[in-house]
Colleague: 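Just passing along the structure, written as structure tokens.
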Amino acid sequence: QLQLVESGGGLVQPGGSLRLSCAASGNIFSINLMDWYRQAPGQQRELVARISSSGTTNSADSVKGRFTISRDNDKNTVYLQMNSLKPEDTAVYYCHAEIRVTPSRLTFSFWGQGTQVSVSS
């Protein structure tokens with residue numbers, strides 16, 4: 001059974017840093033794009049950052065210069081380095097991946113369980 005397991009969330013003060021990890025395990029042929037979303041109470045889920053299989057990245061304007069997405073293909077893991085955190089970054093963060101489970105070109109979407117990030121003084 002294919003799963004995405006997140007870790008690294010927590011409570012930090014404004015200006016602090018956190019590093020989120022999301023590891024995929026199970027029957028994986030290859031992983032195409034991997035990305036991070038976040039959702040605050042009463043808000044809709046928004047895309048934070050995305051990284052393609054080739055390493056091309058894209059991120060929301062609100063986090064550019066502060067957050068960095070990366071991936072380790074050997075470990076089937078995506079990371080989100082979060083620096084200079086602001087109270088507005090408080091949300092549940094979810095990782096997501098489009099994964100090929102066979103040599104065919106068909107992909108499936110998988111979601112992590114979510115991890116809480118709280119930024120408060």
Side-chain angles (χ1 to χ4, degrees):
Q1 185 174 5
L2 202 151
Q3 292 182 314
L4 301 182
V5 180
E6 301 180 31
S7 62
L11 173 64
V12 296
Q13 296 184 26
S17 298
L18 285 173
R19 191 192 193 207
L20 306 183
S21 299
C22 176
S25 62
N27 186 24
I28 300 170
F29 180 77
S30 65
I31 301 178
N32 291 344
L33 66 86
M34 303 184 80
D35 43 29
W36 289 93
Y37 290 76
R38 67 185 181 187
Q39 187 168 25
Q43 302 283 103
Q44 60 186 21
R45 189 171 298 186
E46 66 172 347
L47 177 66
V48 177
R50 172 173 290 166
I51 185 167
S52 72
S53 59
S54 64
T56 301
T57 61
N58 192 25
S59 60
D61 289 340
S62 60
V63 306
K64 285 182 178 177
R66 300 188 298 120
F67 292 8
T68 301
I69 188 170
S70 61
R71 62 192 287 172
D72 185 333
N73 291 329
D74 291 335
K75 296 182 178 180
N76 293 324
T77 299
V78 62
Y79 305 94
L80 186 67
Q81 179 65 48
M82 309 165 67
N83 298 326
S84 302
L85 283 162
K86 305 175 181 179
E88 307 92 90
D89 297 317
T90 296
V92 177
Y93 284 69
Y94 299 89
C95 72
H96 165 260
E98 293 187 355
I99 300 175
R100 294 170 64 187
V101 299
T102 73
S104 75
R105 300 188 186 277
L106 182 64
T107 63
F108 298 87
S109 290
F110 295 90
W111 289 88
Q113 81 280 9
T115 184
Q116 176 70 229
V117 171
S118 298
V119 185
S120 176
S121 59

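Heads up: numbering here begins at 1 and tracks the sequence.
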Colleague: Regarding Asn83 and Ser17, do their side chains bring together a donor and an acceptor under 3.5 Å, going by distance alone?
Modeller: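 A pair is found: one side chain offers a donor N or O, the other an acceptor, under 3.5 Å apart.
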Colleague: Counting N and O atoms only, with roles assigned by atom type, does the side chain of Glu6 sit under 3.5 Å from a partner on the main chain of Leu20, one being a donor and the other an acceptor?
Modeller: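 Answer holds: no.
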Colleague: Measure the CG-OG distance between Leu4 and Ser25 for me, rounded to the nearest 0.5 Å.
Modeller: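 It is 8.0 Å, given to the nearest 0.5 Å.
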Colleague: Please list, chain by chain and in numerical order, all residues satisfying side chain to side chain contact (heavy atoms under 4.5 Å, CB included) with Asn58, sequence neighbours excluded.
Modeller: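 Listed in chain order: nothing, the list is empty.
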Colleague: What heavy-atom pair brings Thr77 and Ala23 nearest, and what distance separates the two atoms?
Modeller: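 Reported closest heavy-atom pair: OG1-CB, 3.6 Å.
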Colleague: Sequence neighbours left out, what passes side chain to side chain donor-acceptor pair (under 3.5 Å) with Asp61? Give chain and number order.
Modeller: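 Result, side chain to side chain donor-acceptor pair (under 3.5 Å) vs Asp61: Lys64.
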Colleague: Just to verify, what does Gln116 make a side chain to side chain donor-acceptor pair (under 3.5 Å) with, not counting sequence neighbours?
Modeller: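 Side chain to side chain donor-acceptor pair (under 3.5 Å) check on Gln116 returns Ser118.
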Colleague: Going hydrophobic residue to hydrophobic residue with side-chain gaps under 4.5 angstrom, can you get from Ile28 over to Leu106?
Modeller: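 Yes, it is one cluster - the side chains of Ile28 and Leu106 are joined through contacts under 4.5 Å.
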Colleague: Find out whether Val78 and Ile69 are in side-chain contact, i.e. whether some heavy atom of one side chain is under 4.5 Å from a heavy atom of the other.
Modeller: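 Counting from C-beta outward, Val78 and Ile69 do come under 4.5 Å.
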Colleague: Who are the side chain to side chain donor-acceptor pair (under 3.5 Å) partners of Ser52, not counting sequence neighbours?
Modeller: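 Listed in chain order: Ser54.
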Colleague: Is it possible for you to say whether Phe108 and Phe29 belong to one hydrophobic cluster, with membership spreading through side-chain heavy-atom contacts below 4.5 Å?
Modeller: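 In one cluster with Phe108: Phe29, no.
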Colleague: Do you know the tightest heavy-atom contact between Pro14 and Ser121?
Modeller: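 Closest heavy-atom pair between Pro14 and Ser121: CD-N, 3.7 Å.
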Colleague: If every non-hydrogen atom of Ala91 is compared with every non-hydrogen atom of Ala40, which pair is closest and at what distance?
Modeller: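 Closest heavy-atom pair between Ala91 and Ala40: CB-N, 3.9 Å.
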Colleague: Nearest 0.5 angstrom please: Cys22 SG to Met34 CE, how far?
Modeller: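 So the SG of Cys22 and the CE of Met34 are separated by 5.5 Å.
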Colleague: Which residues pass the ring-ring contact (aromatic ring centres under 6.0 Å, His included) test with Tyr37, sequence neighbours left out?
Modeller: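 Tyr37 satisfies ring-ring contact (aromatic ring centres under 6.0 Å, His included) with Trp111 only.
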Colleague: Determine whether Ile51 and Tyr79 fall in the same hydrophobic cluster, where Ile, Leu, Val, Met, Phe, Trp and Tyr are linked whenever their side-chain heavy atoms lie under 4.5 Å apart.
Modeller: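 No, because Ile51 and Tyr79 fall into different hydrophobic clusters, even though each may have its own neighbours under 4.5 Å.
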Colleague: Please report, to 0.1 Å, the donor-acceptor pairs under 3.5 Å made by any side chain of residues 92-101, with sequence neighbours excluded.
Modeller:
{"unit_1": "Tyr93", "atom_1": "OH", "unit_2": "Arg38", "atom_2": "NH1", "d": "2.9"}
{"unit_1": "Tyr93", "atom_1": "OH", "unit_2": "Asp89", "atom_2": "O", "d": "2.7"}
{"unit_1": "His96", "atom_1": "ND1", "unit_2": "Asp35", "atom_2": "OD1", "d": "2.8"}
{"unit_1": "His96", "atom_1": "NE2", "unit_2": "Ser109", "atom_2": "OG", "d": "3.3"}
{"unit_1": "Arg100", "atom_1": "NE", "unit_2": "Ser104", "atom_2": "O", "d": "2.9"}
{"unit_1": "Arg100", "atom_1": "NH2", "unit_2": "Pro103", "atom_2": "O", "d": "2.6"}
{"unit_1": "Arg100", "atom_1": "NH2", "unit_2": "Ser104", "atom_2": "O", "d": "3.1"}

Colleague: I need the Ile31 CD1 to Thr107 OG1 distance, nearest 0.5 Å.
Modeller: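 Result: 12.0 Å between the selected atoms.
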Colleague: With rounding to the nearest 0.5 angstrom, report the OG to CZ distance, Ser59 to Arg50.
Modeller: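 It comes to 11.5 Å.
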Colleague: Would a hydrophobic clustering, with Ile, Leu, Val, Met, Phe, Trp and Tyr connected at side-chain separations under 4.5 Å, put Phe67 with Leu33?
Modeller: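 No; Leu33 is not reachable from Phe67 via cluster members.
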Colleague: List the atom of Ala49, the atom of Leu80, and the distance in Å for their closest heavy-atom pair.
Modeller: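 Distance-wise, the nearest heavy atoms are CB-CD1, 4.3 Å.
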